[in-house]
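See structure below.
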Amino acid sequence: MKHDIIVCGAGIVGMATALGLARAGVKDVMLLGPAPKSLPLDRNTFHPRVYAISGASEKFLSGLGVWPLMNTERITRVEAMEIKGDAFGALYLRAWQAAQSSLTWIVESGEIERVLQQALKVYGLEWVEDTIEAFDNGRGHTAEGRDLEANLWVAADGARSTLRELAGLKYDESSYDAVGVVGHLTTEFAHQASAFQWFRPEGVLGILPMPDTDDGHQVSMVWSLKTAYADTLIAMSPERQREGLSESLGKATRGRLGRMTLRSQLHGFPLTLASSPMIGDKVALVGDAAHRVHPLAGQGLNLGLGDAQELVKAVTQREPFLSAGDLTVLRRYRRSRAQAILEMRIVTDGLKRLFDQTVPPLPWLRNAGMSLVDRVPVIKRLLIEAASRSA
Ligand SMILES: Cc1cc2nc3c(=O)[nH]c(=O)nc-3n(C[C@H](O)[C@H](O)[C@H](O)COP(=O)(O)OP(=O)(O)OC[C@H]3O[C@@H](n4cnc5c(N)ncnc54)[C@H](O)[C@@H]3O)c2cc1C
């Protein structure tokens, strides 16, 4: 079966790319990949993965018509951010300091998936729940025996992308020897619409605000811990996890949110830094299939949504005599993403490495640097604007 464009992978980035193409008037788009499983959630239960969604992504999702479909009771507006160094360094960013109403939004992955699926149905987009197994020069073969052909294939099939590998595209990947440990917590004190980050010797701890429930105040934790330590923690019984985490979180946060108690299962995500050439013969890579960054800035999905937006632009604004998979079109797409991806790589990897250094005077310098930035309103405003605009 010949199509104009096949998007391979129905994660958030793949669905957003397919929807973006359909909304921009591309007639013959097919989505190939298993549909995300929806969880039955009530007002006291939340999806295990939550994302910090930047202003740029919020605009893109609004443009796709899906942002207003999300349940506002499940979205948390972040109005302030507290960032603490591993000694005396501290930086406080508040949206009003840059005349903004919010820095970012915290949204469950399941909620974004739900509205994207709903919108794709409205557009009647062809969606085949199958996986790619073989690929050569625009022709693919699936696990269920389908033979497919397209002018352009979009690899949105995640960090372990099969399509990327079948297309022979390089993926430079280095491990941080760390795992992002994710779970939801009940806190004694309200988060007051603030996100928190502690650069700790054992890894970066991020706390994201979430809606209160009948059980009390709720936040989500992302703690990047050395692999061996994270594996031990995840293998513990739920009771030991709860006790151990309450104690270590109390120490790490110096009681900032009072007692913190684990209220969900813990999940671990291995952390890597990865990049790819972004394009190949009739193939464009988007999202984690194209790149991965350290989650300390919470920007991986935002970068992927930026890819989706720019790819839709490159394809729909091409000259009429060029096909969607023409190298000229693909090169324009790659160029449009180069700077944002490089910047995010440098910032996240640089910060991670800076806080790994233990040789004096670096620990003193990084904490002094943070406190200095905190006292300069102009730099703070630039940081706030960058934080809410990124990707
Ligand atoms: C701990 C942690 C915290 C994070 N926090 C944030 C955050 O706050 N904000 C943020 O922006 N980002 C965050 N990220 C990054 C974010 O999780 C990823 O960048 C994002 O999920 C990537 O989405 P994707 O759609 O590209 O890939 P995926 O979500 O991996 O989707 C890939 C899809 O492809 C499908 N697929 C796989 N193989 C095939 C095949 N052979 N054929 C067809 N389909 C296939 C899969 O079923 C899946 O649906 C975080 C990451 C980690 C590890």
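Position 1 is the first residue of the sequence; numbering continues from there. Values below: every heavy atom of this structure, side chains too, minus hydrogens, waters and symmetry copies. Atoms within each ligand, like the ligands themselves, are counted from 1 in listed order.
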Element-labelled atoms of ligand 1 that are located less than 4.0 Å from some non-hydrogen atom of Ala156 | 32 (C), 33 (C), 34 (O)
Atom 9 (N) of ligand 1: nearest protein contact (heavy atom, Å) | Gly298 O, 2.9 Å
Region of Arg49 engaging ligand 1 - heavy atom pairs below 4.0 Å = side chain
Subset of ligand 1 atoms that lie under 4.0 Å from at least one heavy atom of Ile12 = 25 (O)
With a 4.0 Å heavy-atom cut-off (strictly under), which part of Tyr51 contacts ligand 1: side chain, backbone, both or neither?
-> both
Taking the six-membered ring of Phe46 as reference, does the NZ or CZ atom of Arg74 fall below 6.0 Å from its centre and within a 45° cone about the axis?
-> yes
Nearest protein heavy-atom contact for atom 49 (O) of ligand 1: which residue, which atom, what distance?
-> Gly11 N, 3.3 Å
Would you call Arg164 and Asp157 a salt bridge, taking side-chain N to carboxylate O under 4.0 Å as the test?
-> no
For ligand 1, which part of Val182 has a heavy atom less than 4.0 Å away: the side chain, the backbone, both, or neither?
-> side chain
Among all protein non-hydrogen atoms, which one is nearest to atom 35 (C) of ligand 1, and what is the separation to 0.1 Å?
-> Gly9 CA, 3.9 Å
Numbering the atoms of ligand 1 from 1, which are under 4.0 Å from a heavy atom of Gly287?
-> 26 (O)
Could you tell me which atoms of ligand 1, counted from 1 in the order shown, lie closer than 4.0 angstrom to a heavy atom of Gly158?
-> 27 (O), 30 (O), 32 (C)
Mind checking whether Gly304 has a heavy atom under 4.0 Å from ligand 1?
-> no
In terms of residue, atom name and distance, what is the protein heavy atom nearest to atom 47 (O) of ligand 1?
-> Pro34 CG, 3.8 Å
Salt bridge present between Glu173 and Arg160 (N-O < 4.0 angstrom) = yes
Closest protein heavy atom to atom 8 (O) of ligand 1, given as residue, atom name and distance to 0.1 Å = Ala52 N, 2.9 Å
If you scan protein heavy atoms around atom 26 (O) of ligand 1, the nearest is Asp288 N, 3.0 Å
Can you tell me the protein heavy atom closest to atom 39 (C) of ligand 1 and the distance?
-> Asp157 CB, 3.7 Å
Per-atom contacts of ligand 1 with Val13, taking only distances under 4.0 Å to non-hydrogen atoms | 23 (O), 24 (P), 25 (O), 26 (O)
Please confirm whether Cys8 comes under 4.0 Å of ligand 1, counting heavy atoms of the residue only.
-> yes
What protein heavy atom sits nearest atom 42 (N) of ligand 1, and how far away is it?
-> Ile132 N, 3.1 Å
Which segment of Thr162 sits under 4.0 Å of ligand 1 when only heavy atoms are counted = side chain
